[in-house]
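To keep things clear, I will list the structure first and then write my remarks on it.
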There are 2 protein chains.
Amino acid sequence: MGESGNSRWQRKKEARPSEILDAALMLFVDKGYRATKMEDIAQAAGVTKGTPYLYFQNKEEIFKAVVRETIVARMQAMSAQLAQLHDASGSQLLGMALENWWIHIGATRSAGLCKLMAAEATNFPELALFYYEEVIRPARQLLGHIVQRGMDSGEFRPANIEHVIDMLTAPMLMTMILSHSFGQVPGCCESLTQDPLAFLKTALQLTLQGLQNPPAPDTQS
Amino acid sequence: MGESGNSRWQRKKEARPSEILDAALMLFVDKGYRATKMEDIAQAAGVTKGTPYLYFQNKEEIFKAVVRETIVARMQAMSAQLAQLHDASGSQLLGMALENWWIHIGATRSAGLCKLMAAEATNFPELALFYYEEVIRPARQLLGHIVQRGMDSGEFRPANIEHVIDMLTAPMLMTMILSHSFGQVPGCCESLTQDPLAFLKTALQLTLQGLQNPPAPDTQS
DNA sequence: GCATTTGCTGAATTGTTATTTATTAATTTG
DNA sequence: CAAATTAATAAATAACAATTCAGCAAATGC
């Protein structure tokens with residue numbers, strides 16, 4: 001098997017797609033969708049310009065494949081895992097859901113894809129729709145089910161479900177977005193939470209505290 | 001004075017800069033920084049490609065001017081206004097600060113600039129630094145002072161100031177970002193808060209409730 | 001080894017866009 | 001009203017980047 005520098009290239013039909021997707025993930029997270037050049041992806045994957053087009057229709061399909069292989073796959077695993085726990089309380093389930101999201105997505109490269117989509121949704125509406133259907137809707141649905149069941153069982157007091165989902169979601173989203181935007185720029189770092197997980201836990205506690213049944217009359221109907 | 005269609009163009013040395021900035025604001029909010037073409041700005045301002053270069057060095061300077069004329073100017077006004085109120089409680093001040101931000105920035109086109117900066121910070125680090133110094137740092141400092149004073153006076157219990165700022169900020173940021181990303185894409189709208197101000201008020205109540213002095217031991221030191 | 005297949009290359013094509021600058025024409029001035 | 005001034009134009013420049021495709025060379029089979 002030829003070493004690097006020996007023959008001009010290697011034939012690797014099987015390995016190419018995942019090599020290309022790995023390279024693409026890295027670059028998309030680093031530079032965003034538009035700013036990532038096909039040639040850069042090719043080079044990072046150890047091939048030349050034309051090769052990615054032998055395995056994927058175009059840049060857009062590469063992006064979709066990356067999202068499927070990372071975020072969608074992990075979401076499904078998390079979802080299945082939570083579905084097992086029929087005896088856990090709503091608070092416990094929400095805590096697990098958010099902590100899992102943080103561990104498997106928020107704290108990984110994939111979080112960069114979440115930021116990327118918020119960043120470029122308007123310029124690439126087809127990608128936005130894809131991401132909405134595959135990621136945002138299922139994720140919100142999962143949280144919504146947990147909250148709804150908690151309200152039905154009397155664990156949580158009645159409240160606007162969408163607002164509750166937004167509240168559970170906002171700290172996570174902000175953390176993912178900031179750490180992949182200003183957090184990457186030298187000189188802007190001061191404003192970044194040094195310990196994201198601690199912040200997320202605090203935020204969750206606060207929201208759950210306000211959601212618990214007895215207290216004050218404030219959340220919308 | 002020639003009407004439109006009469007002579008090929010009008011000379012308006014005084015009015016040009018603001019016409020150009022108005023057009024630029026609209027387009028930046030709509031398409032983002034990179035995707036906004038100088039020629040589009042020119043056309044929207046009723047001039048041709050070359051003209052903006054007579055009044056501004058380049059695209060970057062146009063963007064900075066837009067941010068100064070909108071967000072920075074309004075922040076200074078809000079800041080000055082809050083500085084007057086020496087008798088208000090911390091909760092009141094925070095409520096006013098966030099509601100003002102929503103009214104004067106969050107609910108206006110300017111919110112699109114906030115989203116834009118989060119979106120493109122990594123590709124345009126110089127702009128990111130400018131925005132950080134002119135907007136993010138002052139805004140966080142203002143909130144930080146209010147929270148600090150509230151903690152000193154005993155109104156708020158001790159907590160990690162940066163975390164509190166993040167918590168106050170996250171719902172606002174998320175609302176501004178989502179409404180200018182997925183919120184603009186037909187088909188993604190379902191997930192958007194229909195009544196952002198109601199959501200923001202709910203979120204603030206919840207955070208203040210957790211910050212008030214007596215209760216449970218949860219926020220970090 | 002030789003012929004065939006096919007993974008891969010890289011030059012060419014097509015399209016985009018920030019910025020410069022020579023030129024044009026509205027306005028001003030004397 | 002004819003110079004002089006200068007706001008504005010628009011063509012040219014200089015990149016850059018997605019995608020295509022004719023041809024090359026690594027595998028494979030015989």
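All values below come from the heavy atoms of this structure, side chains included, with hydrogens, waters and symmetry mates left out. The sequence lines fix the lettering, A, B, ..., with proteins before strands; numbering per chain opens at 1.
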Fill in the blank from the handout: Looking only at heavy atoms, the pair that brings Val185(B) and Pro125(A) closest together is CG1-O, 3.9 Å
Practice task
Kindly say if Arg16(A) contacts the phosphate of dG7(C), meaning a side-chain N or O under 4.0 Å from OP1 or OP2.
Solution key: no
Exercise for the section: Please report, rounded to the nearest Å, how far the P atom of dA18(C) is from the OH atom of Tyr53(B). Expected result: 7 Å
Practice task
To the nearest Å, give me how far apart NZ (Lys49(B)) and P (dT17(C)) are.
Solution key: 11 Å
Practice task
Any chance you could measure Glu120(A), atom CD, to Ser181(B), atom OG, to the nearest 0.5 Å?
Solution key: 11.5 Å
Practice task
State whether the number of non-hydrogen atoms from other residues, nucleotides or ligands found under 6.0 Å of Lys64(A) atom NZ is greater than 12.
Solution key: yes
Practice task
Scan residues 30-39 of chain B against DNA chain C and write down, sorted by residue number, each residue with any heavy atom closer than 4.0 Å; if none is found, say none.
Solution key: Thr36(B), Lys37(B), Met38(B)
Practice task
Give the rounded distance in Å between these two atoms: CD of Glu61(A) and P of dA18(D).
Solution key: 16 Å
Exercise for the section: Write down the distance between CD (Glu14(A)) and P (dT6(C)), rounded to a whole number of angstrom. Expected result: 14 Å
Close N/O contacts between protein and nucleotides 24-26 of chain D (under 3.5 Å):
| unit_1 | atom_1 | unit_2 | atom_2 | d |
| --- | --- | --- | --- | --- |
| dA26(D) | N3 | Arg11(A) | NH1 | 2.7 |

Exercise for the section: Measure up the Phe28(B) and Phe63(B) rings against each other and bin them: parallel (under 30°), tilted (30 to 60°), perpendicular (over 60°). Expected result: perpendicular
Exercise for the section: Would you please confirm or rule out a distance under 4.0 Å between OP1 or OP2 of dA8(D) and any side-chain N or O of Tyr55(B)? Expected result: yes
Exercise for the section: Step through the shown structure and confirm whether more than 12 heavy atoms of other residues, nucleotides or ligands are within 6.0 Å of CD on Glu60(A). Expected result: yes
Practice task
Have a look at Met117(B) and tell me which of Leu127(B), Val135(B), Ile136(B) forms a side-chain contact (heavy atoms from CB on, under 4.5 Å) with it.
Solution key: Leu127(B)
Completion exercise
Taken to the nearest whole Å, CG/Asp40(A) to C1'/dC16(D) is 11 Å
Completion exercise
From NZ of Lys59(B) across to P of dC16(D) the rounded distance in Å is 15 Å
Practice task
Have a look at Phe56(B) and say if it touches a base, only the backbone sugar-phosphate, or nothing, with a 4.0 Å heavy-atom cut-off.
Solution key: nothing
Exercise for the section: Please check the phosphate of dA8(D) (OP1 and OP2 only) for any side-chain N or O of Thr51(B) closer than 4.0 Å. Expected result: no
Practice task
Working to the nearest 0.5 Å, report the span between CE of Met167(A) and CG of Leu204(A).
Solution key: 11.5 Å
Exercise for the section: Please name all residues satisfying side chain to side chain donor-acceptor pair (under 3.5 Å) with Thr108(A), sequence neighbours left out, ordered by chain then number. Expected result: Arg74(A), Ser110(A)
Exercise for the section: Measure the acute angle between the ring planes of Phe182(B) and Tyr131(A), then classify it against the limits of 30° and 60° as parallel, tilted or perpendicular. Expected result: parallel
Exercise for the section: Round to a whole Å and report the spacing from CG of Leu54(B) to P of dA22(C). Expected result: 14 Å
